[in-house]
Amino acid sequence: MHGKRVVVIGIGNSGGDIAVESSKFAEQVYMSTRRGAWVIRQVSDNGVPVDMMYNTRFVHILFQLLPINFFNWFGEKKLNGMYDHTTYALKPKHRLFSQIPVINDDLPLKILSGSVVIKSNVKEICGSTVVFDDGSTVEMVDTIVFATGYNYGFPYLPNNVLYKSGHRVGLYKHVFPPNLEHTTLGVVGFIHALGAIMPQAEMQARWVARVFKGLKKLPSNQTMIKAVDKDTKDIEKNYIVSKLTPLQVDFVSYMDDIAGEIGVRPGLPWLFFTDYQLFKHVLWGPVSSYQYRLMGPGKWDGARKAIFTQFDRMYQPLKSRKLEEPESSITGHLVKLSLVILSGGAVAYYFHTHHPNTIPTLLSNIRPQAAWR
Ligand SMILES: NC(=O)C1=CN([C@@H]2O[C@H](COP(=O)(O)OP(=O)(O)OC[C@H]3O[C@@H](n4cnc5c(N)ncnc54)[C@H](OP(=O)(O)O)[C@@H]3O)[C@@H](O)[C@H]2O)C=CC1
């Protein structure tokens, strides 16, 4: 890419990475998008990694209680507060939580400094000239990168193994083909969520191991097929599922769901009464793999301590210069607590009056499991 004029087509996470990296050496990078994208940062408020900040049970409960449009509005406002997506020519046609966002801390800076220029969709390519939908052109282009996504397929499997559910390869809970006579195949890592793949793949692998060992039975083929189709319908309610983006799951719901299969899902009410300090960490802290090692098969005695110290480990590399720690303010804590109690009360009251079944259903979903009681 050194000294080249580059056009990157597609503004997914591949396109974002390629544009940013090549802009360090290229003469000029252009990035073409047909519908734009929301660009989010990995480093969130106070420098906390975005998944440590938002992949928490508290946020997850709010997502279940409040309408998705509220989170779209809130998230888009926060993102535009950092860099206005219209000014940066990024503003997409879709809402924040209906597509995979581009996670890229550097892209806005590259756009601001002019080393990456956002363009509309490509209309045609004439020799070394690229013509865009809005009539503008870029001349003397050396390299065009098609960062236009993947086709997902299993060409090495017999057709009868695959069950299609809309755009998705229909796997029971994204792992088991639902129409096999015997459970001899499990697919691990074939999902996408706003969270790291490693803990999700680990959870799937733990389930697969138990099924293959005969410790856990799968439901009948018909039940699995029904569940696959329901899952596809559910995700399509708020998310644009296409052949390019068929793998989406909700991080916490999915982790808890598979954990339920294994018998390792932590129950909040149970923790509240038996270990309040741990309850607070499990409710407010990131849903990391440690939470699924507290009890049940695969229990790890170090899990509780690991949960309490996960932020220490994250901050450790930053402690490269000794500074005085700021004192925590009691008033700040009290204000935060009152806000939480007030908003929690308001939300609970609203749902109690408008949707009387929601709260009992939610509580029954987060109850402790028999496997580890
Ligand atoms: N660091 C990481 O964790 C990374 C993760 N990934 C992941 O890999 C997966 C694939 O990502 P990626 O390769 O970016 O692919 P995506 O499918 O996410 O994005 C493809 C992009 O190409 C555009 N596109 C597709 N077809 C056309 C076309 N015919 N004409 C014009 N534009 C087109 C799409 O536009 P439109 O939206 O309009 O359809 C979209 O902007 C994703 O899950 C992604 O998150 C990828 C890179 C890095």
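Each ligand, and each atom within it, is numbered from 1 in the order the structure gives. Along the sequence shown, residues carry numbers from 1.
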(request) Just need the protein heavy atom nearest to atom 21 (C) of ligand 1, so name the residue and atom and give the distance. (result) A147 O, 3.5 Å

(message) Are there over 12 heavy-atom neighbours, none belonging to K93, within less than 6.0 Å of that residue's NZ?
(response) no

(message) Under a 3.5 Å cutoff, is there a donor and acceptor pairing between the side chains of H94 and Q99?
(response) no

(request) May I ask you to say whether K299 pairs ionically with D301, meaning some side-chain N is under 4.0 Å from a carboxylate O? (result) yes

(request) Would you please say whether a donor-acceptor pair under 3.5 Å links the side chains of Y163 and D229? (result) yes

(request) Before signing off on this row, confirm whether Q99 and ligand 1 have an N or O atom pair separated by under 3.5 Å. (result) no

(request) Compute both the distance and the angle, then confirm whether K119 meets the cation-pi test with F132: under 6.0 Å from the six-membered ring centre, within 45 degrees of the axis. (result) yes

(message) Go through it in stages, so that I can follow the logic: the residues are S289 and R293, the test is side chain to side chain donor-acceptor pair (under 3.5 Å), and I'd like the CA-CA distance, side-chain angles, deciding distance and then a yes or no.
(response) CA-CA 7 Å; S289 291; R293 295 285 177 183; over 6 Å; no

(message) Please determine whether a side-chain nitrogen of the Lys or Arg among D256 and R57 lies less than 4.0 Å from a carboxylate oxygen of the Asp or Glu.
(response) yes

(request) Over 60° means perpendicular and under 30° means parallel, so classify the ring planes of F63 and F71, tilted if in between. (result) parallel

(request) With atom 40 (C) of ligand 1 as the reference point, say which of N13, N121, I11, I18 has the nearest heavy atom. (result) I11

(request) Identify the protein heavy atom lying closest to atom 25 (C) of ligand 1, giving its residue, its atom name and the separation to 0.1 Å. (result) T148 O, 3.3 Å

(request) Look at atom 48 (C) of ligand 1 and say which protein heavy atom is nearest, naming residue and atom and giving the distance to 0.1 Å. (result) D17 OD2, 3.4 Å

(request) Check whether any side-chain heavy atom of R210 lies under 4.5 Å from a side-chain heavy atom of K217, and answer yes or no. (result) no

(request) Report the nearest protein non-hydrogen atom to atom 15 (O) of ligand 1: residue, atom name, distance rounded to 0.1 Å. (result) G149 CA, 3.3 Å

(message) Measuring from atom 18 (O) of ligand 1, which candidate in S14, G12, G16 has the nearest non-hydrogen atom?
(response) G12

(message) Between ligand 1 and G10, is the shortest N or O to N or O distance under 3.5 Å?
(response) no

(request) May I ask you to check whether R35 has an N/O atom sitting below 3.5 Å from an N/O atom of ligand 1? (result) yes

(request) Measure from atom 3 (O) of ligand 1 to the protein's non-hydrogen atoms and state whether any distance is below 4.0 Å. (result) no

(message) Tell me the protein heavy atom at minimum distance from atom 8 (O) of ligand 1, and give that distance in Å.
(response) Y150 CE1, 4.4 Å

(request) Just need the protein heavy atom nearest to atom 30 (N) of ligand 1, so name the residue and atom and give the distance. (result) R34 NH1, 3.7 Å

(message) Which residue and atom name correspond to the protein heavy atom nearest atom 43 (O) of ligand 1, and how close is it?
(response) H192 CD2, 3.0 Å

(message) With the threshold set at under 4.0 angstrom, would you say I100 reaches ligand 1 through any of its heavy atoms?
(response) yes

